[in-house]
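Written out below as C-alpha cells is the structure these notes cover.
Given the structure is predicted, the values throughout are model-derived calculations rather than measurements.
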Amino acid sequence: MPDSRSARLSLRGKLALLALLPLLVSLALIAFAVHHQERSLAEREHALVRASYLDARRTELKHYVDLAVSTVKPLLGQADGRQRALAILQSLDYGRDGYFFVYDLQGRVLMHSRQPELTGQDLWNLRDPRGRPTIQMLIAQAQAGGGYVEYLWRKPSSSLLAPKLGYVVAVPEWNWMLGTGLYLDGIEATMAQLEHGARQNITATLLWVGAVAVFGVALISAGALALNLSEHRHAEAKLRALARQVVQSQEDERARLARELHDGVSQALVATKLLIESAQHEPASAERLQALALKRLNSTLAEVRHLSHALRPALLDTLGLPAALQHLAGEFDAAGGTRFEAGVDGAERELPEAAKTALFRIAQEALNNAARHAQAQRVVVHLHFAPDGGLLLDVNDDGRGFDADAAQAQPDRGLGLRSMRERAAALGAGLLLETQAGHGCRLSVTLSAADLARATA
C-alpha cells in the first residue's frame, strides 16, 4: 500500500512539473520579449527625440544667423559699416554659450565675443584633437552656400572641449564668414536622463511580470494539474477498456477457431471415421469407401493447413518474408475476380522475427481490405530491399479508394487501419497511406536500417 501511494505521488509530481515547466518557460520568454521590445522602443524614442531636438536647434541656429545677416546687410554700403557690424554682432548673444563669430575667408578671427583673445589671430591651420581642420571646414561650408558643420570647440562656461553644431554663411561683400553654434553636450545629458528613465520603466515592467508570474504559477498550475489528473484518469479508463477489448479479441479468436475445428475439421474427421468403419463391415464396397475416406482426409488436411497458415504462415519461418508475401498474394489471386501480384527486388537478407511478422500482417490486412472493399482490378504487393539496409513494403490497388480520416473517425470502422499503424509504430517504421475516392489506394511502410537493428535487439 505505501508503495502504491508513493508511486501515485510521484506521478502527480511529474504532472505538476509538466504543467509548470511550459508556463515558466512562457513567462520567461514573455519577460525577454517585453524587455527587448521596451529596450527597442526606448532606443527608437531616444533617436526620435534626439533627431527632433537637433532639427529644432538647427532651425533655431539658421534663424539666428539669418537675423544677424539681415541686421548687418543695411551697413554693407557704408564706410564704417564693417566696424559697426562687428560691434552689433559682438553685442548679440543668447545665453552663456550662445554667441556669434566672424572670420575672414582666409581664416583670421575678426570677432569672437566669448574669446576676445583670439581676435586678429590666423587660425587657418587650426586642427582639433581628431586632426580635422576646424576653420577650413567652416569656411568651405560657408563658401558652398552656407550650412551646418559639427566640430569640437572649447565651451566658454566650462573651458572644456565639447562637440558643437555650427551654422555658417559667407558675406562675400566683406570677405567674411559669419556664424554661430550650439554645444551638443547638453543634448547628450538630456538623452542620458531619458535613457535612465527608460531603464527604470523596463525594470518596473519586469518586476510586474515577475509578480504576475508568481501569481500565475500558483493559479494556472493548480488548474493545469487538476486537468492533467482528470486526463490521466480518463486515459487509464481508456487503457482498461482497450485491455478488455484485447482480451475479448483473444476470446473471439479462440471461439472462431473452436467453431472452425468443430464445424469443419471435427465433422470431416467423423465422416472419415464412418467411411473407414463402413469399409471394414462391407468388404464389397471397401475400395470405394476407402477412396472416399482418403479424399475426405485430404480435404481435412487442407483445411487444417489453412487454419495454421491463418495463425502464422509456416513460410515465414522456412523461406522468409518474400516467399510468404508471394504465397499470400497467390491465395488471394486464386479466389478470382481481382488480380493479385507480389514482387521483390534488391538483395534479399534475413529479417528480424518481429519485422517479418508485423510486415506480413500489415500486407495481409491490406490485401484483405482490397479484396473486400476496393473493387479493384489489380492489386500489387512490392517488397524492396534498399542498399542502405532499409526496407520498403508497398501495396497498390486501382480500386475506388476511400476517405481514410472519415473511416478512422467512426468507432465501428477503421480497425484494420489502426491495427496496421500500431504494428508499424511498434517497429518504429513510417506508414504512409495515400488514397482518394475514385483514385485507388497506396500503402507504404518504410523501415530504416536502424529500425531493423532495434527490432533485432
Report yes if some heavy atom in the side chain of [X] is under 4.5 Å from a heavy atom in the side chain of [Y]; otherwise report no.
X: L351; Y: F385; result: yes
X: S444; Y: L393; result: no
X: W174; Y: L76; result: yes
X: R127; Y: N125; result: no
X: D93; Y: S113; result: no

Nearest 0.5 Å please: distance from the [atom1] atom of [X] over to the [atom2] atom of [Y].
X: L367; Y: F332; atom1: CG; atom2: CZ; answer: 5.0 Å
X: I362; Y: R421; atom1: CD1; atom2: CZ; answer: 10.5 Å
X: Y183; Y: L165; atom1: OH; atom2: CG; answer: 12.0 Å
X: L383; Y: L391; atom1: CG; atom2: CG; answer: 5.0 Å
X: R339; Y: D398; atom1: CZ; atom2: CG; answer: 13.0 Å
X: L178; Y: L138; atom1: CG; atom2: CG; answer: 11.5 Å

* Could you tell me if the ring centre of Y99 sits under 6.0 Å from that of H112? => yes
Check the surroundings of atom [atom1] in [X]: do more than 12 heavy atoms from other residues, nucleotides or ligands lie under 6.0 Å from it?
X: Q83; atom1: CD; value: no
X: Q106; atom1: CD; value: yes
X: K62; atom1: NZ; value: no
X: R130; atom1: CZ; value: no

* To do: For side-chain contact (heavy atoms from CB on, under 4.5 Å), just list the numbers for I135 and Y103, CA-CA rounded to whole Å, side-chain angles, deciding distance to a tenth of an Å, and then say yes or no.
  => CA-CA 9 Å; I135 305 304; Y103 291 71; 3.8 Å; yes
* Among D345, L392, N396, whose side chain to side chain contact (heavy atoms under 4.5 Å, CB included) with H382 holds? -> D345
Taking the side chain from [X] and the backbone from [Y], do they hold a donor-acceptor pair closer than 3.5 Å?
X: T435; Y: G440; result: yes
X: D333; Y: F340; result: yes
X: T357; Y: A354; result: no
X: R58; Y: Y167; result: no
X: R154; Y: S159; result: yes
X: Q141; Y: G146; result: yes
X: D97; Y: S157; result: yes
X: Q136; Y: W124; result: yes
X: N369; Y: R372; result: no
X: T338; Y: A376; result: yes

* side-chain contact (heavy atoms from CB on, under 4.5 Å) between R57 and L184: does it pass, once the steps are laid out? -> CA-CA 10 Å; R57 299 312 299 268; L184 300 178; over 6 Å; no
* Asked: Salt bridge or not for R82 and E173, using N-O below 4.0 Å?
  -> no
* Between R233 and E236, does at least one N-O distance fall below 4.0 Å, as a salt bridge requires? -> no
Nearest atoms (heavy-atom pairs only) where [X] meets [Y]:
X: L86; Y: M111; value: CD2-CB, 3.8 Å
X: T59; Y: Y148; value: N-OH, 4.0 Å
X: M137; Y: E150; value: CE-O, 4.4 Å
X: V445; Y: L447; value: CG1-CD1, 3.9 Å
X: G181; Y: K164; value: CA-CE, 3.5 Å
X: Q364; Y: L328; value: CA-CD2, 3.6 Å

* side-chain contact (heavy atoms from CB on, under 4.5 Å) evaluation trace for R423 with L431 -> CA-CA 10 Å; R423 288 183 185 275; L431 186 146; over 6 Å; no
* To do: List the steps, then state whether side-chain contact (heavy atoms from CB on, under 4.5 Å) holds for L321 with V344.
  => CA-CA 10 Å; L321 179 62; V344 180; over 6 Å; no
* Asked: Are S448 and D451 linked by a side-chain donor-acceptor pair shorter than 3.5 Å?
  -> yes
